[in-house]
Amino acid sequence: MTNNFTDKVGKAWLKGVLQNEGAIVTFTKKDGTERVLKATLNPSVIPEEHAPKGTGTEKKNDDSIAVFDIENNGWRSFRYDSIKQINIIFSGVK
């Protein structure tokens with residue numbers, strides 16, 4: 001299955017959505033099970049104790065994205081090519 005999130009435009013769009021709002025992302029985990037994740041990259045939603053502390057200059061994997069899991073209060077990642085569905089959450093994210 002292909003999706004629209006594996007090219008530069010799709011990746012940039014998803015990152016923009018997550019930085020400004022949030023999304024419910026459905027994806028397939030490595031073990032083949034489906035996972036639904038309420039995710040964000042919006043700094044106003046991420047608790048201070050979980051806020052990124054690095055410089056942002058470390059080598060990043062272009063095949064996956066790290067996001068903050070709002071419901072489980074922690075960082076998770078998933079591969080762009082494993083995305084099955086995205087539902088955008090507007091205003092307030094929580």
Side-chain angles (χ1 to χ4, degrees):
M1 175 176 148
T2 61
N3 63 44
N4 297 329
F5 308 106
T6 56
D7 62 15
K8 281 186 176 184
V9 174
K11 290 175 184 179
W13 176 85
L14 177 57
K15 191 171 182 179
V17 166
L18 293 170
Q19 287 173 333
N20 292 299
E21 302 290 343
I24 298 172
V25 181
T26 305
F27 63 95
T28 305
K29 293 172 40 174
K30 285 183 182 180
D31 67 6
T33 60
E34 187 175 282
R35 169 92 153 88
V36 178
L37 175 68
K38 191 172 182 182
T40 191
L41 292 174
N42 185 328
S44 67
V45 177
I46 300 169
E48 189 175 328
E49 66 269 17
H50 293 291
K53 295 170 183 61
T55 62
T57 59
E58 67 275 357
K59 174 84 171 111
K60 296 184 181 183
N61 181 346
D62 290 335
D63 296 328
S64 63
I65 184 170
V67 298
F68 188 76
D69 181 341
I70 297 167
E71 293 180 324
N72 293 308
N73 207 30
W75 288 92
R76 308 288 183 264
S77 64
F78 54 86
R79 293 179 55 87
Y80 289 104
D81 62 3
S82 71
I83 298 171
K84 297 174 83 175
Q85 182 176 346
I86 294 177
N87 296 315
I88 299 171
I89 304 168
F90 290 100
S91 65
V93 184
K94 293 180 182 182

Novice: Just how far is it from atom OG1 of T28 to atom CZ of R79, taken to the nearest 0.5 Å?
Specialist: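 The distance works out to 11.5 Å.
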
Novice: Measure across L41 and A66 and return the closest heavy-atom pair with its distance rounded to 0.1 Å.
Specialist: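 Of all heavy-atom pairs spanning L41 and A66, the closest is CD2-O, 3.3 Å.
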
Novice: Rounded at 0.5 Å granularity, tell me how far OG1 in T6 sits from CG in D81.
Specialist: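 The distance works out to 7.0 Å.
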
Novice: Taking salt bridge (charged side-chain N to carboxylate O under 4.0 Å, His left out) as the test, write out the residues that go with E34, two or more places apart.
Specialist: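 With neighbours one apart ignored, the set is K84.
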
Novice: Might you confirm whether atom CD of E49 has over 12 heavy atoms from other residues, nucleotides or ligands at distances under 6.0 Å?
Specialist: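 Enclosed: over 12 neighbouring heavy atoms sit under 6.0 Å from CD of E49.
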
Novice: Of the non-hydrogen atoms in W75 and H50, which two are nearest, and what is the gap between them?
Specialist: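 Between these two residues, the closest heavy atoms are NE1-O, 2.8 Å.
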
Novice: Shortest non-hydrogen contact from N42 to T40?
Specialist: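 That closest heavy-atom pairing would be N-OG1, 3.0 Å.
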
Novice: side-chain hydrogen bond (donor to acceptor under 3.5 Å, both in side chains) with R76: which residues, sequence neighbours excluded?
Specialist: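 Listed in chain order: nothing, the list is empty.
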
Novice: Atom CD in E21, atom CD1 in I88: separation rounded to 0.5 Å?
Specialist: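 Here the interatomic distance stands at 8.5 Å.
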
Novice: Applying ring pair (Phe, Tyr, Trp, His ring centres under 6.0 Å) as the test, list every pair that has at least one member in residues 14-41; sequence neighbours left out.
Specialist: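 Those involving residues 14-41 are F27-F78.
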
Novice: Shortest non-hydrogen contact from A23 to I86?
Specialist: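 So the two residues come closest at CB-CG2, 3.8 Å.
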
Novice: For residues 8-19, which side-chain N or O atoms pair as donor and acceptor with protein atoms under 3.5 Å away, sequence neighbours left out?
Specialist:
residue	atom	partner	partner atom	Å
K11	NZ	D62	O	2.6

Novice: Just to verify, what does D63 make a side-chain hydrogen bond (donor to acceptor under 3.5 Å, both in side chains) with, not counting sequence neighbours?
Specialist: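 For D63, no residue satisfies side-chain hydrogen bond (donor to acceptor under 3.5 Å, both in side chains) once neighbours in sequence are set aside.
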
